[in-house]
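We're numbering straight along the sequence, starting at 1. Order of appearance sets the numbers: ligands from 1, and atoms from 1 within every ligand.
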Amino acid sequence: MIKKITHLFLLLGLLSCEKDNSMSTSFNPGKLWLDTDGEHINAHGGGFLFYDNKYYWFGEHKISGKEGNKAMVGVRVYSSKDLYNWKNEGVALQVSNDLNSKLIKGCIIERPKVIYNKKTKKFVMWFHHELKDQGYKAALTGVAVSDNVTGPYNYIDSFRIHPGILPQNFSEDDFHTAEMIENREDQNWKEKVVKGAFFVRDFEGGQMSRDMTLYVDDNEMAYHITASEENQTLLISKLSDDYLSLTNEYIRVLPGERNEAPAIFKKDRKYFMFSSGLTGWKPNPGKLAVSDDMMGDWRFIGNPCRGTEEEKNTTFWSQSTFVIPVEGKKDAFIFAADRWRPENPIDGRYVWLPVKFDNNIPYLDWMDFWDQSFFSKK
Ligand code: GAL
């Protein structure tokens, strides 16, 4: 009898140990990251929302093999109270089997971002959307809405942006003086891009929208930030009050500077934007820009990464996707990035690093592992 009881205690002890071991208490950039069911988290190109005391992580659900770069499932969502341990909350936005839907299985859905509208009490998701079997040609932004944070999100539509509308920082004169680009060998290619060659080309049909993010300011004004003009120029647009559409107020940002993967945060009334260059799934040197106003003058600071040449040239083998403000902690931000595995996308890894500051300028350096006590030590 005593032996049996001892065994029972041993077993219980083991079980509780196992439970403790499965709780994460640190970030391990680039390593497999298991959810609370023990599966590697499947939410790539992620976006984060803090709502009702929990963080939500929305991202591209990838499958294994090359097909995994297409949307075969949709957007997955996870929840967490502590940013370390994530519970799978299912598919937030499902691809469609309807041949007439733009959201048909096999299209491309990337970089989903969700924001909460306090007035309408709705959750609004925007994402980069490419139509099935058209590669990256369509360059659309898509929008979906839900009454519940975890979904299901109802797909509304996908479209090119601002057809026939001039941005605030591009005049009628600019429009008429822009010169078209005949071919890639054009000697004045960059100059023509800066002066709006692609912008004017796409004016009637609407501007391209690829890598994107959203940002909600303290006054609840929300912005859609996207790589446009063949990824040469970013466009920042104000969203409507219900966040479901773009207003006509928008600007061209860093024209001709080739930014992708924008991720925005605000500190001491300055807006900072991490971004990447254009090398597809391969990593490249990160970039950092700053502005006093979302709709103002953005300027480059430089590469925010410190460390070895390789780390600086590859952004620690990753590409930015979001900056997560840590709730309840002042000036605590997490740089969240993807380490893509295009040959087997489901195995893509996540690189999360604390945003550090030097003279109020953000920078990043590598940490094999770290935890949120980092933010108390400053
Ligand atoms: C990257 C982009 C990803 C994906 C990829 C496709 O540059 O950031 O979101 O679109 O290109 O090659």
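Distances below 4.0 Å separate heavy atoms of E260 from the following atoms of ligand 1: 1 (C), 2 (C), 7 (O), 8 (O). For ligand 1, the atoms lying closer than 4.0 Å to a non-hydrogen atom of G280 are 1 (C), 7 (O), 11 (O), 12 (O). Near E110, meaning under 4.0 Å from any of its heavy atoms, are these atoms of ligand 1: 3 (C), 4 (C), 9 (O), 10 (O).
Remark: the D293 side chain and the S291 side chain contain no N/O donor-acceptor pair separated by less than 3.5 Å.
Ring planes of W370 and F27: tilted class, angle from 30 to 60°. The aromatic rings of W86 and W33 sit perpendicular, their planes meeting at an angle over 60°, well past the 30° parallel limit.
If you look at Q319 next to ligand 1, the close heavy atoms, those under 4.0 Å, all belong to the side chain. Contacts of R111 with ligand 1, taken as heavy-atom pairs under 4.0 Å, involve the side chain alone.
The shortest contact between atom 6 (C) of ligand 1 and any protein heavy atom is with Y136 OH, 3.4 Å. In this structure, the protein non-hydrogen atom closest to atom 8 (O) of ligand 1 is D211 OD2, 2.5 Å.
K267 forms no cation-pi arrangement with F333, by the criterion of a distance under 6.0 Å to the ring centre and an angle within 45° of the ring axis.
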Exercise for the section: Quick one: do Y215 and Y271 satisfy side chain to side chain contact (heavy atoms under 4.5 Å, CB included)? Show the steps, please. Expected result: CA-CA 10 Å; Y215 179 76; Y271 300 85; 3.9 Å; yes

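A ring pair (Phe, Tyr, Trp, His ring centres under 6.0 Å) with W340 is found for one member of Y350, W317, W281 and no other, namely W281.
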